[in-house]
Structures are given as C-alpha cells and as structure tokens.
Amino acid sequence: MSAPERIPPGRMSGTAPAAEATRELLRQGTLTVRGQITAASNTVLFGTVEHEGSSLPCVYKPVAGERPLWDFPDGNLARREVAAYEVSRATGWDLIPATVLRDGPYGPGMCQAWVGEPPETADDDDGDAPSEGAAEEAAETASEDEPGEEPASLLALVDGEEPGEGWKAVGFADVGGGRTALLVHADDPRLRRLAVLDAVLNNGDRKGGHLLPRPDGALYAIDHGVTFHVDDKLRTLLWGWAGEELTGEAVEALRRLSAALCADPGGPAEAADAGEAPLAARLAELLTQAEVQAVGKRVEALLSSGRHPLPSGEWPAIPWPPV
C-alpha cells in the first residue's frame, strides 16, 4: 500500500512546487496539453506552462470535465483545489503544490504544478496520450536510483494488533481469504501536519496515492476537490493521532491561519498580485460565504480543543479505496 513517490522535474531547479514563483508561472504561462491521465474519475490532463523561457509540467483539470457530486452542490471542484492551496500557504507549511484557477484549451479549470517525473507524452513517443499504466509507472519508478530517496512507504498493512515502533494504527482491513491486517501510517511529522491541514480543509478523500514524498525530504499532497463542505465530511487514512494533543508547531500554524482569516476580510480580492489580497477575500472568490465561515470555525475548534479531531461517527471515517 505504499504511496507512489515522484521526483521533482528539473526544468525549474531551485523553485519549490508551492512557491509564489511557481504560482506566477502557472498563472501567466502558455498552457499546452500533452495528454490525459486516464486513471482519474474526472478529466485530468497533463501539460506544460511556458513563460519567458521558463517551463513547468502541470496538471490541468477543466471544470467542464468534472462529474457533479450530490453532496457538493455549490461551486466546483477546481475552485476547492485552489482554495486548499491558499489555506496551505497561510499555515506556512506549503503542503500543496502551487494551484491556480485559469483558462485553458478546454475552458476554465484548475492548473497545478506537477510534483514528480512527468509521464510519457505525445512529444516523447508515438503521439498517443499517456495511458493509466504509463502515468503510474512514471510515478512509481522514475526515481529508483536517485540518491537520498526516502523509504518507499508511508502506509503499510501489518500482521498483529499493534502498529510497531514508528507507526500509528488506523484500523483493520479485510485483505481477502478471511484475513485481516492492521492498516498503519508512519509516525511522521510531515503526515501529522497534513492531518491538521486536512481537518481544517474538511477533506473528504485523503488517500495514500495523494501523498507525494520527495527525495529532498519535502512532502506534498494532491487532489483536494472534495473539501470545504460545511458539514463534517473528514475521511482520511491519517487517523493515527486522533484525540492526541496538537503539537506546538500545529498550534502556531493554526494561529497564523486564524489571523490570516481575520485580517481585513472586506479587503479587495482583486490585486496586482492575487497573493497579496487578504486570505478571506481570496477564499470568498472560490467558496460560498458559509464555507469560508466554516473554515474559521474549524480552526477555532481545533485551537479550543487543542487536540486532533476524532471521527464523527456520522460519515465513513476512511476513504475507499484507500489508495
């Protein structure tokens, strides 16, 4: 159940996937679609953005390719992905790659920096769009010989009833043949930060395949379309810290986020640099008023309790399939 690892593309060396310079390239660059990632339930296109001699691989999810969801009637998934990046930036953790809302060859949609080795595209082979297998193979094998690469697994299924040192238990899973195994995730500070961020985002779909560790020690997370619902929808594989006291680092990040949400909420959302607009104003351009208010309430609830949330019991706690 290991999460696929991806290495950073070398076309923008020295620029982190979540950095402001990356966001600006995504916003201003010329977007060219190279192929389609067919494993996704919605339309997911692989492409590149180019601007003033710089080039960056990216994911482009046009709004027109989204499947409507009964429990997310407001807005669209693309806007929620951008809002998740905005909140991640405000915490100071930069766990989500730079993400913008922009026009593209198939209409407006989400455009996000690709974290990892790009899949084979029409420019590299016989002109066909990348297949599901090609994309997965690129994600899983491209960095096998990279020095300093991380251990392969942040998630595992183990025998027995205890997770073992360095792991946190999530729950038991049916592995077939009448057997069960204990699902565990690493007791990793990067995952713990992400568990806090997911609680703020109210992420309804945190799966193992959304975790992208890099050889430089950074961890990025993707696929945040099912977020920001006003009702408790938290579904995640990162329940290992449920009920435990928040770290001091997490409390400080939540305080930064709370201050950002309260800073001049009536300020202009349109600015010469969109990143300079107040966070609440930027979120108001992407979410409903009730959803923006719910973000603040979740932040304050976490600060008030001082603990990681517990499953609500009113919604399946673990996504399926889990990877």
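Within the 4.5 Å cutoff, the side chain of Asp71 has no heavy atoms near those of the Val226 side chain. Residues Val59 and Cys111 fail the side-chain proximity criterion, which asks for heavy atoms closer than 4.5 Å. Residues Leu302 and Pro309 have side chains in contact (heavy-atom distance under 4.5 Å, counting atoms from C-beta outward). Annotation: side chain of Pro118 is in contact with side chain of Phe46 (closest heavy-atom distance under 4.5 Å). Put simply, the side chain of Asn202 reaches to within 4.5 Å of the side chain of Asp232, judged on heavy atoms. The closest side-chain heavy-atom distance from Thr22 to Leu56 is below 4.5 Å. At least one side-chain heavy atom of Asp103 sits under 4.5 Å from a side-chain heavy atom of Pro108. In this structure, Arg214 and Val115 have side chains that are in contact, with non-hydrogen atoms separated by less than 4.5 Å.
Here His224 pairs with nothing under the ring pair (Phe, Tyr, Trp, His ring centres under 6.0 Å) rule; sequence neighbours left out.
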In sequence, state the C-alpha distance, the side-chain angles, and the governing distance for Thr227 and Leu77, and then conclude on side chain to side chain contact (heavy atoms under 4.5 Å, CB included).
CA-CA 8 Å; Thr227 49; Leu77 306 187; over 6 Å; no
The test is side-chain hydrogen bond (donor to acceptor under 3.5 Å, both in side chains); show your working for Thr48 and Arg34 and say whether it passes.
CA-CA 7 Å; Thr48 56; Arg34 305 294 183 184; 3.1 Å; yes
Could you please spell out the steps behind the salt bridge (charged side-chain N to carboxylate O under 4.0 Å, His left out) verdict for Glu20 and Arg23?
CA-CA 5 Å; Glu20 187 62 31; Arg23 171 159 64 174; 2.8 Å; yes
Run the side chain to side chain contact (heavy atoms under 4.5 Å, CB included) test on Thr180 and Glu161 for me, step by step, so that the C-alpha distance in whole Å, both residues' side-chain angles and the decisive distance to 0.1 Å come before the verdict.
CA-CA 10 Å; Thr180 61; Glu161 298 185 356; over 6 Å; no
With side chain to side chain contact (heavy atoms under 4.5 Å, CB included) as the test, would you mind laying out the steps for Trp241 and Leu246 before giving the verdict?
CA-CA 9 Å; Trp241 298 282; Leu246 294 171; over 6 Å; no
Go through Glu162 and Trp167 one step at a time and tell me if the side chain to side chain contact (heavy atoms under 4.5 Å, CB included) criterion holds.
CA-CA 9 Å; Glu162 298 296 329; Trp167 296 90; over 6 Å; no
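The CG atom of Leu101 sits 10.0 Å away from the CE atom of Met110 when rounded to the nearest 0.5 Å. Of the inter-residue distances, the one linking Leu183 atom CG with Asp174 atom CG reads 12.5 Å to the nearest 0.5 angstrom. Expressed to the nearest 0.5 Å, how far CG of Leu261 lies from CD of Glu300 amounts to 8.5 Å. Going from atom CG of Leu45 over to atom OG1 of Thr38 covers 11.0 Å, rounded to the nearest 0.5 Å. Between the CD atom in Gln112 and the CD1 atom in Ile96 there is a gap of 7.5 Å [rounded to 0.5 Å]. Rounding to the nearest 0.5 angstrom, the gap separating the CH2 atom in Trp114 from the CG atom in Leu212 is 9.0 Å.
Both Val33 and Leu26 are members of a single hydrophobic cluster when ILVMFWY side chains are connected at heavy-atom separations under 4.5 Å. Trp93 and Val251 end up in the same hydrophobic cluster when Ile, Leu, Val, Met, Phe, Trp and Tyr side chains are linked at under 4.5 Å. Connection of Val158 to Phe172 is established within a shared hydrophobic cluster, with ILVMFWY side chains joined at heavy-atom distances below 4.5 Å, either directly or through further cluster members. Cluster membership check: Leu154 shares its hydrophobic cluster with Leu157, using side-chain heavy-atom separations under 4.5 Å among Ile, Leu, Val, Met, Phe, Trp and Tyr. A chain of hydrophobic side-chain contacts below 4.5 Å, direct or via other Ile, Leu, Val, Met, Phe, Trp or Tyr residues, connects Ile318 to Val175.
With hydrogens and angles ignored, the 3.5 Å screen pairs a side-chain donor or acceptor of Arg102 with a backbone N or O of Gly29. When atom types are taken as modelled, the side chain of Arg235 and the backbone of Gly204 share a donor-acceptor pair closer than 3.5 angstrom. The backbone N or O of Pro311 lies less than 3.5 Å from no partner atom in the side chain of Trp239, so there is not a single donor-acceptor pair. Between the side chain of Ser88 and the backbone N or O of Leu95 there is at least one donor-acceptor pair closer than 3.5 Å. In this structure a side-chain-to-backbone donor-acceptor pair under 3.5 Å is present from Arg307 to Gly243. The backbone N or O of Tyr106 sits less than 3.5 Å from a side-chain atom of Tyr60, completing a donor-acceptor pair. Counting only distance, with no hydrogens or angles, the side chain of Arg89 and the backbone of Ala18 share a donor-acceptor pair below 3.5 Å. Using modelled atom types, no side-chain atom of Arg67 and backbone atom of Asn42 make a donor-acceptor pair closer than 3.5 Å. Arg79 places a side-chain N or O within 3.5 Å of a backbone atom of Glu285 that can act as its donor or acceptor partner. Between the side chain of Ser305 and the main chain of Ala301, a donor-acceptor pair closer than 3.5 Å is present.
The aromatic rings of His229 and Phe72 stand perpendicular to each other, their planes meeting at an angle above 60°, with 30° marking the opposite boundary.
At a cut-off of 3.5 Å, with distance as the only test, no side-chain donor of Arg256 or Thr91 sits close to an acceptor on the other residue. No side-chain donor-acceptor contact under 3.5 Å links Glu50 and Thr32.
A salt bridge links Glu244 to Lys168: one of the charged nitrogens lies within less than 4.0 Å of a carboxylate oxygen. The pair Lys61-Glu81 meets the salt-bridge criterion, since a charged nitrogen lies less than 4.0 angstrom from a carboxylate oxygen. Salt bridge annotation for Asp198-Arg193: absent, with no cationic side-chain nitrogen under 4.0 angstrom from a carboxylate oxygen.
The hydrophobic cluster containing Val63, built from Ile/Leu/Val/Met/Phe/Trp/Tyr side-chain heavy atoms closer than 4.5 Å, comprises no other residue.
The salt bridge (Lys or Arg N to Asp or Glu O under 4.0 Å) with Glu291 is formed by just one residue from the set Arg80, Lys297, Lys233; it is Arg80.
Here the closest heavy-atom approach between residue Ser258 and residue Leu303 is recorded as CB-CD1, 4.4 Å. Of all non-hydrogen atoms in Pro163 and Leu182, the two that sit nearest each other are N-CD2, 3.7 Å.
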